[in-house]
Every structure is written in structure tokens, then in C-alpha cells.
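Input: a single structure, listed below in C-alpha cells.
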There are 2 protein chains.
Amino acid sequence: MKHRVVVIGAGFAGLQTVLGLKGADCQITLIDQRNHHLFQPLLYQVATTLLATSDIAWPIRALLHDRDDVTTLLGTVEGVDRTAREVVLRSGTRVPFDTLVIATGARHAYFGKDAWEADAPGLKTLEDATTIRRRMLLAFERAELTEDEAERQALLTFTVIGAGPTGVELVGILAELAHRILPREFRHIDTRKARILLIEAGPRILPAFSDELSGYAKAALEKSGVEVMTGHPVTECTWDGITVAGQIIPARTTIWAAGVQASRAKDWLAAEGDRAGRVMVGDDLTVPGDPNIFVLGDTAHVISDGKPVPGVAPAAKQQGVYAARTIVARLRGQPKPAPFRYRHMGNLATIGRNAAVIEYGRFKMRGWLAWWVWGIAHIYFLIGARSRLFVSLSWLWVFLSGQNSARLITQKETLKETEREK
Amino acid sequence: MKHRVVVIGAGFAGLQTVLGLKGADCQITLIDQRNHHLFQPLLYQVATTLLATSDIAWPIRALLHDRDDVTTLLGTVEGVDRTAREVVLRSGTRVPFDTLVIATGARHAYFGKDAWEADAPGLKTLEDATTIRRRMLLAFERAELTEDEAERQALLTFTVIGAGPTGVELVGILAELAHRILPREFRHIDTRKARILLIEAGPRILPAFSDELSGYAKAALEKSGVEVMTGHPVTECTWDGITVAGQIIPARTTIWAAGVQASRAKDWLAAEGDRAGRVMVGDDLTVPGDPNIFVLGDTAHVISDGKPVPGVAPAAKQQGVYAARTIVARLRGQPKPAPFRYRHMGNLATIGRNAAVIEYGRFKMRGWLAWWVWGIAHIYFLIGARSRLFVSLSWLWVFLSGQNSARLITQKETLKETEREK
């Protein structure tokens with residue numbers, strides 16, 4: 001019987017593992033809760049109406065249709081039976097493995113305030129993106145309708161909590177929507193008066209970047225009309241607004257970009273984890289004492305060159321490549337590869353539609369040229385010629401016409417959202 | 001004060017009315033429950049994974065951004081106060097009018113069996129389309145997982161009830177998905193064994209077409225693997241299957257394309273209606289006795305040349321043009337236009353991705369050339385260069401690559417759907 005590899009999660013790490021096992025002559029089962037692989041780095045562009053959902057998501061089956069060695073299962077994992085060597089699905093199905101690769105990613109973390117999630121959604125899935133898009137667009141619609149001045153101001157106040165790349169990228173586009181695209185479409189409100197706040201507990205935005213680029217990004221955001229508050233954690237977050245620095249800010253739209261919590265893999269394995277719930281793995285990316293169980297990507301705590309590896313797409317991909325190479329070496333009886341080492345590919349973040357910051361070691365770049373480098377890099381990493389073509393054209397269209405294309409309010413509102421209408 | 005025109009519904013008829021009132025120097029309020037105008041004739045292509053939602057829907061505000069005479073309101077109408085001359089929204093807001101245009105369209109009709117709706121969704125909104133897309137794709141996924149042969153067959157049975165253009169277009173693409181695109185992606189099931197049934201109570205499919213083209217369409221569908229059943233109404237429809245001709249067909253996916261019911265405009269106006277709930281209007285498209293209230297499109301029963309006008313997009317547009325022209329003539333003190341006359345633009349329907357039928361009076365066309373004529377006509381009627389470009393490219397891509405691009409399962413499943421997983 002062939003060696004059975006089960007991969008849980010078809011994100012960057014899991015998919016890369018499967019791609020790396022091509023020709024390895026094993027029997028692979030890829031399990032995911034969703035039917036699509038998602039290009040998360042561009043998810044904020046779906047949330048802010050620049051791209052359509054299908055531009056950045058691909059059916060997993062279609063990606064692997066020519067891989068007869070791969071079986072794709074749509075299912076939710078409930079646990080791992082390490083004794084029986086089986087993955088247990090919610091449906092009751094048990095999937096046996098010889099080697100297990102867990103790459104189940106992360107969700108938003110509310111630092112113990114889980115109740116905040118309903119009022120301040122995060123951005124990890126396509127549904128998150130369409131929810132944020134709907135709330136944002138509905139806030140403008142309701143502001144146009146209301147006669148109550150205080151309510152109108154609260155509807156026109158948008159807060160984004162957390163100033164990593166996602167937070168910065170969200171407020172950048174949101175400011176352009178409010179200040180440049182929407183003003184000519186509303187009759188009762190002036191959308192240019194919308195307040196857009198970026199709130200960061202740490203001392204500065206984009207903490208992974210140098211002081212210089214962080215300062216540049218702050219100035220660029222402020223110029224485009226964003227209020228940046230640093231050094232103050234949000235102490236309360238409700239449906240009606242947030243509290244920060246002792247001050248209550250009535251805001252009807254709050255988006256969470258402040259932290260992540262690893263998936264439940266640690267519990268499945270009864271393994272040791274860090275504060276964010278990530279499984280501590282060895283330098284070969286396997287669980288201590290169990291060399292046939294790999295944990296990769298955002299759900300693993302990996303040390304490289306003495307530092308924890310960041311939860312970014314290139315790191316996840318590199319880990320997938322490494323895990324596949326290790327599995328192949330074992331199957332072929334070759335020596336074990338050298339310990340995993342993370343190659344940093346630089347930090348990138350966009351500020352609105354015309355500027356970006358890029359940092360790679362001592363190399364720094366900012367402004368519109370950085371935006372183009374960022375754009376070309378992201379198009380290169382999209383899967384398939386179709387997505388490259390359609391995303392490029394979408395950006396080109398927005399660039400030339402100044403019109404975002406996917407400004408749709410879709411899906412039923414939650415009960416809470418509907419109440420706003422009354 | 002300027003003459004106040006309130007238009008309810010931004011579908012083909014309502015939008016055309018607003019466009020026709022350009023320069024008429026009145027104050028227009030356009031009310032819709034949704035923030036987008038939807039190109040319904042291509043909605044089946046979203047449901048069957050060929051197009052993205054944003055390809056066929058445009059924010060109403062963006063369409064009318066340069067019309068300072070138009071105020072757009074996102075709101076749900078609860079009623080019309082004919083005495084006070086006000087439209088009443090669910091939010092309590094009252095919108096006064098001098099002239100009212102109601103163009104609120106239609107929903108599916110279940111002929112008194114409203115309970116069927118949850119189990120057999122129809123196709124009128126973007127949410128309907130993503131719901132049908134999700135159920136269809138999930139059925140294949142669950143068939144791949146199940147060990148139960150009877151359940152697998154039920155999951156691989158798709159029934160579409162009603163063989164007008166929508167029903168025919170849905171099964172055409174569904175058959176291609178099952179027989180040509182999906183087979184190489186699944187490992188446990190042979191999707192070519194999926195049963196796709198088109199069920200029609202009347203004696204033949206596409207009843208609006210001639211016998212000849214109707215027969216051609218039937219043969220073409222059967223050749224592509226669709227089972228066509230005519231002359232039998234569905235007598236029962238549940239979550240587990242349907243009953244037709246005394247026979248129970250276990251089917252886990254049922255789509256309703258059998259009939260429509262007009263919106264509630266008749267109740268708002270306390271007006272006379274036909275069996276489908278459409279308001280009976282005069283030959284000037286106004287409600288008898290109230291020349292300042294127009295009812296248009298799918299929600300009006302209009303007679304032209306002694307026959308009822310069909311509920312198709314060109315008819316709705318023509319009525320919008322007529323209503324605007326009538327309003328302008330009144331404002332300018334010009335004579336009343338001649339009674340409304342419907343100009344029939346022909347019948348069109350596609351069969352899969354390579355054939356279509358077209359009928360215009362005695363002119364008949366079928367096959368792949370008809371498909372191209374159909375395609376060019378539809379691209380012409382899309383709004384804006386962006387949609388034309390993106391829809392053309394999407395079709396070209398599918399044509400060249402054989403890969404549908406929008407095969408995403410999105411949005412939370414309903415409780416009933418989740419139970420299927422167990």
C-alpha cells in the first residue's frame with residue numbers, strides 16, 4: 001500500500017505541501033472546510049469593493065484536477081486520533097494517515113474579549129470580506145436616510161483596530177471611498193466628512209517596518225483624511241462604538257485587525273502551544289516526539305535564526321515546500337534535510353491606491369513606484385493566468401475610471417444590522 | 001417647488017424611467033431594497049458558476065452619480081398612502097410624491113405551495129444565485145464523501161422545475177458542469193452519472209417558442225445528458241425529493257423556475273389585480289382613476305394589441321421609456337402620448353454553452369451561431385464598458401479553457417444544509 005499523507009487546510013502551507021509532493025508516489029488526502037483556496041493578502045480589496053470574490057479564490061479541486069494521487073475532501077475536522085493514526089471529521093468519517101500535515105491557519109484573536117467579535121468583525125474569509133463590505137456600505141446608506149444628526153455622525157465614523165498591514169490597507173481604501181468616490185453619489189450627506197480612525201495600542205503603525213517608513217505611512221494616511229491614534233489600546237468595543245484612551249467614540253462600523261489566534265490544532269494534538277495557541281514545533285516542523293506529524297504556517301510556532309517566523313504568506317509557502325521535501329526524502333530513504341530556515345522576502349503594505357511601502361533588509365521604497373512593485377508582485381503570486389488577467393484589468397480599470405467595481409451589498413443582514421434601519 | 005416623482009424599484013423599468021426623465025426638471029427619488037441594479041437575464045450564469053456577482057450588478061448610486069435631480073434611497077417600502085400622496089418605508093420615513101412609478105418586479109410563485117420555497121429556491125436575486133450555486137456544488141462534495149449508495153444517487157440528482165428560458169438555461173449549464181468539467185476532479189464519484197431532470201407541467205419546453213425550436217431545444221438538452229419530462233406537474237416537493245407523475249424522485253437539489261408572482265404593489269394600492277397579483281393598468285400604464293400612479297414591468301398587467309405583455313426585460317424597459325415620456329409631456333403641457341404598444345424583440349434562450357434558439361416573428365435561428373448572436377446581444381445590453389469587457393472575457397476564457405471561474409461555495413449554510421453533512 002502506498003504511503004498515506006493527509007493534509008488539513010488548503011491555504012498557502014497546505015497547498016504548497018501537496019504541490020511539493022507531486023510525483024512522490026504517495027496517496028494524498030487534502031481536507032478543507034471550504035471548497036476554495038483563498039489569496040488572503042488581497043482579501044482587504046474584496047472588503048473595500050475593489051475586487052470580486054472570485055478574483056482571489058479558486059476551487060481546490062480545479063487546482064488539483066490533474067493530480068490523480070490527490071483526493072480532496074470538503075469537511076470539518078473535529079480532532080486527530082494520534083493512537084489510531086486517524087483524522088476525525090465532524091461527519092464521523094475517519095481518515096487514516098501515515099504522515100499528517102496540519103496547516104489550518106488562524107482566526108482573529110480578541111485577547112479574551114470574544115464578545116467583541118460580533119460587533120467588530122475581522123478579515124480572514126470571503127464571508128468576512130462581504131460582511132465588512134456590507135456593513136460599510138450600509139452605514140453610508142443609513143447616514144443618508146437618518147434625520148438624527150448624532151446618529152448620522154456615528155454612522156459616518158469608521159474605526160479600524162490594529163495598524164498592521166491589514167489595518168493600514170483597509171483604512172487607506174476606505175478613505176478613498178469616502179473622500180473621492182462616494183461624495184458625488186449622495187445628496188443629503190457629505191461623505192468627505194466621514195471620520196476614519198486607525199487605532200493602534202503600540203507606539204506606531206506598521207511595527208514590522210522601520211521608523212522611517214512607518215512615519216511615512218502615517219503621514220500619507222493622515223493626508224488622505226485618516227485619523228491615526230497610537231499608544232492607546234481599545235478598552236471597550238460594542239455595537240454602538242468603542243472606548244479608547246478613556247474616550248467613548250460612537251461608531252457604527254468597527255473592523256478588527258489587531259491580532260490572531262491559531263486554529264485548534266494544539267487541542268487536536270494535545271501539544272504544547274504558545275500564547276497565540278500555535279503549536280511549538282521542532283526545526284524540522286514536526287511535533288516533538290512525533291516526526292510524522294507536521295504543523296505549518298499560522299498554526300505553528302517556528303523558530304528560525306533564533307527568532308519566531310512571522311505569520312505571512314511567504315513563510316507558510318516555504319514551510320510547505322520544506323515539509324514536502326522532508327516527506328519525499330524519507331520515502332526515498334534519503335538523508336533528512338537541514339533544519340528549516342525562513343528566508344525573509346521583505347515587508348510590503350499599500351496605503352490607498354497610489355502608494356505603498358516596501359522594506360527588504362536595508363532596501364526601502366515608498367510612494368507610487370512602490371505601489372507598482374507591490375502590484376506586480378501580487379499579480380505574480382496569484383494562481384493562474386485568468387486571475388492575473390482579471391485582477392490586473394480590475395486595477396487598471398479603477399486606476400483609469402476612478403470607479404470601484406464591486407460595491408455590492410449582498411447577503412441577508414444580521415438581525416442586529418436590520419435593527420439599524422428602524 | 002419642482003414636480004416630485006418617486007420611483008420604487010431600480011430594475012429595468014424603474015431605472016429606464018429615471019433615465020428617461022433626464023432634463024425634465026423634476027425632483028426624482030428612486031427607492032430600492034437593494035443597492036444595486038441587477039441584470040437578471042444573466043443571473044443563471046452566476047448560479048451556474050460562469051460569472052461573478054459583480055459582473056452583472058451595478059451600484060444604483062454609481063449609475064446615477066451625475067444626476068443631481070435624483071436622490072437614491074435604500075429602503076423597504078411598506079405601503080403607499082394614496083390620500084396623503086406618500087410612500088411609507090419600513091423605517092417609518094414617508095416620501096411625498098406628485099407622480100408615483102411602481103416597478104417592483106416579481107418573485108417566484110409556488111401556486112399556493114409556499115412551503116416549497118425553502119426546499120426549491122427560485123432565481124431572482126444575487127442571493128438566490130449564490131444559494132443555488134452553493135447547494136449544487138455542496139451536493140457533489142457530499143456525494144464524494146458518502147458511503148451510502150442511495151444517498152449518493154439522491155445527491156447526484158438535480159431537478160429543475162419549469163421549462164421556460166430560465167429552467168432550460170440552468171439545466172444546460174448544469175449538464176456541462178456534471179458531464180464535462182467536474183469528472184476529472186472527483187475521485188470516488190463519476191459526476192457523469194449525475195441525473196439532471198427538467199420537469200415541465202405543460203406539453204413542451206420553451207412554450208413561447210415555435211414547436212420546431214422547442215423540439216430542437218429538447219433534443220439538444222437530451223443529447224447533453226438532460227432528462228426532459230413534459231406534461232406532468234410536480235405534485236410534491238420536499239427537502240428529500242419531488243413527486244411527479246405519481247413517482248417519487250429522491251433529489252437533494254431542486255430549483256424552481258416554474259412561475260412568478262408580482263410584488264405587493266396591488267395591496268399597497270388596493271388596486272385590481274390578475275391571478276399572478278399584477279396590477280391591472282390602463283393603456284397609459286397608470287392605475288384606473290389615478291393618472292399620476294404608474295405601474296410598470298413584471299408587477300403590471302399590460303395589454304398591447306389585445307394580448308398581455310410578457311414579463312421580459314425589453315417589455316419593462318419599453319414601459320419605463322413610455323412612462324418617462326408621458327410624465328415629460330404632462331410637465332410641458334404637451335398632448336398625451338398614444339397608448340403604450342409593446343414591440344416584441346424576439347425570444348432567446350441558450351442551451352448550454354454552445355447552442356441557443358432565437359425566434360423573431362418568422363425568423364428562426366438555432367445552434368452555435370445563435371449562441372453568438374445571443375451573447376453579443378446580451379453584452380450590448382450590459383451597462384458600462386467594464387461589464388462588457390469583463391463578461392466578454394469571462395465567456396472567452398470559459399470557451400478557450402473549459403474552466404468555469406466562479407465555482408465558490410460561499411456564505412454560511414442554512415441549518416438544513418448543515419444537517420446533510422452528518
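Below, each value reflects all heavy atoms present in this structure, side chains not excepted, and no hydrogens, waters or symmetry copies. Chain A is the first sequence line, chain B the second, and so forth, proteins listed ahead of strands; every chain is numbered from 1.
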Review point. For Val70(A), does its backbone N or O pair with a side-chain atom of Arg187(B) as donor and acceptor, under 3.5 Å?
Key: yes
Point to revise | Main-chain N/O of Ile409(A) paired with Asn35(B) side-chain donor or acceptor, under 3.5 Å | key: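 Checking the backbone N and O of Ile409(A) against the side chain of Asn35(B), a donor-acceptor pair under 3.5 Å is found.
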Point to revise | Greatest number of heavy atom pairs closer than 4.5 Å to chain B - which of Leu182(A), Asp68(A), Leu137(A) | key: Asp68(A)
Exercise for review: Evaluate the side-chain proximity of Trp397(A) to Leu389(B): yes if any heavy-atom separation is below 4.5 Å, no if none is.
Suggested key: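 In short, these two side chains touch, coming nearer than 4.5 Å.
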Review point. How about Arg61(B) and Arg184(A): do any of their side-chain heavy atoms sit closer than 4.5 Å?
Key: no
Practice item. Would you mind checking which part of Thr125(B) comes under 4.5 Å of any heavy atom in chain A, side chain (CB onward), backbone (N, CA, C, O), both or neither? Key: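 Neither part.
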Review point. Between Arg386(B) and Ser394(A), is a side-chain contact (heavy atoms from CB on, under 4.5 Å) present by the stated rule, with each step listed?
Key: CA-CA 9 Å; Arg386(B) 184 188 187 282; Ser394(A) 291; 3.2 Å; yes
**Study point:** Ser54(A) side chain to Arg407(B) side chain, donor-acceptor N/O pair below 3.5 angstrom
**Key:** no
Review point. Between Glu141(B) and Leu74(A), what is the shortest heavy-atom contact and its length?
Key: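 Here Glu141(B) and Leu74(A) meet closest at OE1-CB, 3.3 Å.
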**Study point:** Shortest non-hydrogen separation from Thr71(A) to His188(B) and the atoms involved
**Key:** CG2-NE2, 3.7 Å
Study note, to complete from the structure: Scored by heavy-atom pairs under 4.5 Å with chain A, the best of Ala385(B), Ser387(B), Gly92(B), Gly384(B) is Ala385(B)
Point to revise | Gap between atom CD of Glu185(B) and atom OG1 of Thr72(A) - 0.5 Å precision | key: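 The OG1 atom of Thr72(A) sits 8.5 Å away from the CD atom of Glu185(B).
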